[in-house]
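Each remark here refers to the structure printed beneath this line.
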Number of protein chains: 2
Amino acid sequence: MDYKARRSGYHTVMDSSQKPERTRLTAEDWEVAAMQLIADQGVGALAVEALARQLGVTKGSFYWHFRTREALLQATLERWEQYGENEVLGQIEQIADPRQRLPELFRRVAHEIQPHRVYAALLKALDHPLVVPVMARVSQRRTEFLHTAYREAGLPPREALNRARLTYAAYVGFLQLNFTLGLPRINHEEFDAYVEHMIATLIPA
Amino acid sequence: MDYKARRSGYHTVMDSSQKPERTRLTAEDWEVAAMQLIADQGVGALAVEALARQLGVTKGSFYWHFRTREALLQATLERWEQYGENEVLGQIEQIADPRQRLPELFRRVAHEIQPHRVYAALLKALDHPLVVPVMARVSQRRTEFLHTAYREAGLPPREALNRARLTYAAYVGFLQLNFTLGLPRINHEEFDAYVEHMIATLIPA
DNA sequence: GCGCATCCATACGGGTGAGTATGGATGCGC
DNA sequence: GCGCATCCATACTCACCCGTATGGATGCGC
């Protein structure tokens, strides 16, 4: 989650939370801001003039860096997809004992915040043609990861696949119900109990 | 799923799948058409002029029946919420053996189609302020229903609640992944196997 | 310090869709 | 069959937002 900070070029920047930041922008800056805006207000709120105001410039800037609004969305989605690749999954694969991997994965994923805000926003934008293929690829990969993890944990292949689907569905559903929908706003200890219940229920002993 | 058919007033109608239907419309007609459109193309596609064309009239008609576009959405959502109330849940409660209820519920829900199309569309519209409270209420009620069902099936209260949350999350996530997202488009027998796997995994023996 | 490429501001065109105003058509009460 | 309420058509206004055109500012090469 280092969405912000870091510039590509020659000019440095102190911190992106100030208005009178009179530096020139790069395409990356726009993508970062776009991702932030998506996390906050959803894909539908991604308007170029709004983004421009937020960045302290005008549309003229935007259309120098991007050909169209869709192009920005595309680039932002690619960035998100690529970033999320070996973010958690890579670390998990380094755990020696396969039976330790799944519970550890559950616990780690459960305590992330920012990536989930983007993910939840993208789930709400599944009518947009550009996000569908991205989400399809990501879901596919993650489900396959769970599939092999469950096999390594001792489940027979077919059962492992269904368990993987079930697990990932529960994950996605939880995001929808507790993030975007602000249900009874489950508190910390209760949440931890829920996670442990998931582990006990879904992961074979 | 009797969304269509039925009129309130004095004039009857043959079948709502014909163009030259030169009868006057009621507010209910608009709501029914709106729900159908939401199921097909999502809440975002709910535009009054589009709906008017589909119904063979113009905006002039619409703004006689409704004060605003939001009013139509509101009415349609209320109609959906009220309809979906005792649709499945009522039947399930009549099953004598509590241990039979959950597997039966799973199997029945798994083979519904049309209500799920609306539900999935609404899940994608969770950024809209009007749908959030509706979905919150519905989710709350259904989760509570699962909660008591799990208790009656023998689970201790706390565990029953978490299991209910897990179950409902899996349900919602499945809708997202397999309806709106068109993942590998799981076929019939494979789907049935998945449902049975869910039953075996989530419902206590 | 001149000149060119980079980056941005200003101003405009154009499409879309919500909401309004107003008059016309239709059917029912009586 | 007159009159009134119901329902709808037509013709607007207005706001929003994407995209374009074009000129101005800034900084780097040399």
Side-chain angles (χ1 to χ4, degrees), chain A residues 7-13 16 18-34 37-38 41-77 125 127-130, chain B residues 7-13 16 18-34 37-38 40-77 125 127-131:
Chain A
R7 299 291 281 254
S8 59
Y10 12 88
H11 51 270
T12 16
V13 70
S16 48
Q18 281 142 327
K19 285 280 180 45
E21 183 184 345
R22 224 60 210 79
T23 55
R24 304 169 108 180
L25 301 177
T26 69
E28 199 180 348
D29 292 325
W30 286 94
E31 297 172 13
V32 170
L37 198 155
I38 289 176
Q41 309 185 37
V43 174
L46 189 64
V48 331
E49 289 176 286
L51 253 190
R53 274 193 300 273
Q54 181 182 319
L55 288 175
V57 291
T58 65
K59 302 197 303 186
S61 170
F62 177 84
Y63 285 100
W64 193 92
H65 295 285
F66 297 91
R67 250 187 66 263
T68 168
R69 191 203 97 126
E70 300 269 284
L72 171 63
L73 218 198
Q74 180 90 44
T76 307
L77 290 176
D127 28 10
H128 194 113
L130 278 182
Chain B
R7 301 288 283 253
S8 59
Y10 12 87
H11 50 271
T12 17
V13 69
S16 49
Q18 279 142 327
K19 288 278 180 45
E21 182 183 346
R22 224 60 211 80
T23 54
R24 305 168 108 180
L25 301 177
T26 70
E28 198 180 349
D29 291 326
W30 285 95
E31 297 171 12
V32 170
L37 198 154
I38 289 176
D40 290 342
Q41 310 185 37
V43 176
L46 189 62
V48 331
E49 283 171 307
L51 254 190
R53 273 192 300 275
Q54 182 182 316
L55 289 175
V57 292
T58 65
K59 303 199 300 188
S61 171
F62 177 85
Y63 285 100
W64 194 92
H65 295 285
F66 296 92
R67 248 188 67 264
T68 168
R69 191 203 96 126
E70 299 267 285
L72 172 62
L73 218 197
Q74 181 89 44
T76 306
L77 289 176
D127 28 10
H128 194 113
L130 279 183
V131 325

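Within every chain, numbering begins at 1; the chains are lettered A, B, ... in the order of the sequence lines, protein sequences first and strands thereafter.
In this structure, B:Tyr63 atom OH and D:dA11 atom C1' are separated by 15 Å, rounded to whole Å. Rounded to an integer number of Å, the gap from CZ of B:Phe62 to P of D:dT6 is 19 Å. What separates CZ of B:Arg69 from P of D:dA15 is a distance of 19 Å, to the nearest Å. Across the protein-nucleic acid pair, B:Trp64 atom CH2 and C:dA25 atom P stand 19 Å apart, rounded to whole Å. Across the protein-nucleic acid pair, B:Leu46 atom CG and C:dT16 atom P stand 18 Å apart, rounded to whole Å. The nearest whole Å value for the distance from the CD atom in B:Glu28 to the P atom in D:dC7 is 13 Å. As rounded to whole Å, 13 Å separates atom C1' of C:dG17 from atom CG of B:Leu51. For the pair B:Leu25 CG and C:dA25 P, the computed distance is 19 Å after rounding to whole Å.
Contact annotation: the side chain of B:Phe66 approaches that of B:Glu31 to within less than 4.5 Å [non-hydrogen atoms, C-beta and beyond]. Side chains of A:His65 and A:Asp29 form no contact here, defined as non-hydrogen atoms less than 4.5 Å apart. Considering only heavy atoms from C-beta on, B:Tyr63 comes within 4.5 Å of B:Val48 through its side chain. Side-chain contact check for B:Val57 versus B:Trp30: some heavy-atom pair is nearer than 4.5 Å.
To the nearest 0.5 Å, atoms CG (B:Leu77) and CD1 (B:Ile38) are separated by 6.0 Å. Distance check: A:Leu72 CG to A:Arg67 CZ gives 13.0 Å after rounding to the nearest 0.5 Å.
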Only Watson-Crick and G-U wobble pairs with both distances less than 3.5 Å should count. Give DNA chain C in dot-bracket notation, marking inter-strand partners with |.
||||||||||||.|||||||||||||||||
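If you find the closest nucleotide of DNA chain C to A:Glu49 and to B:Gly60, the one lying nearer the 5' end belongs to A:Glu49.
Listed candidates were C:dA25, C:dA9, D:dA9. Nearest to the side chain of B:Arg24 is C:dA25.
Between A:His65 and C:dC8 there is a side-chain polar atom (N or O) within less than 4.0 angstrom of OP1 or OP2.
Without hydrogens or angle criteria, A:Thr68 side chain to A:Ala71 main chain gives no donor-acceptor distance under 3.5 Å.
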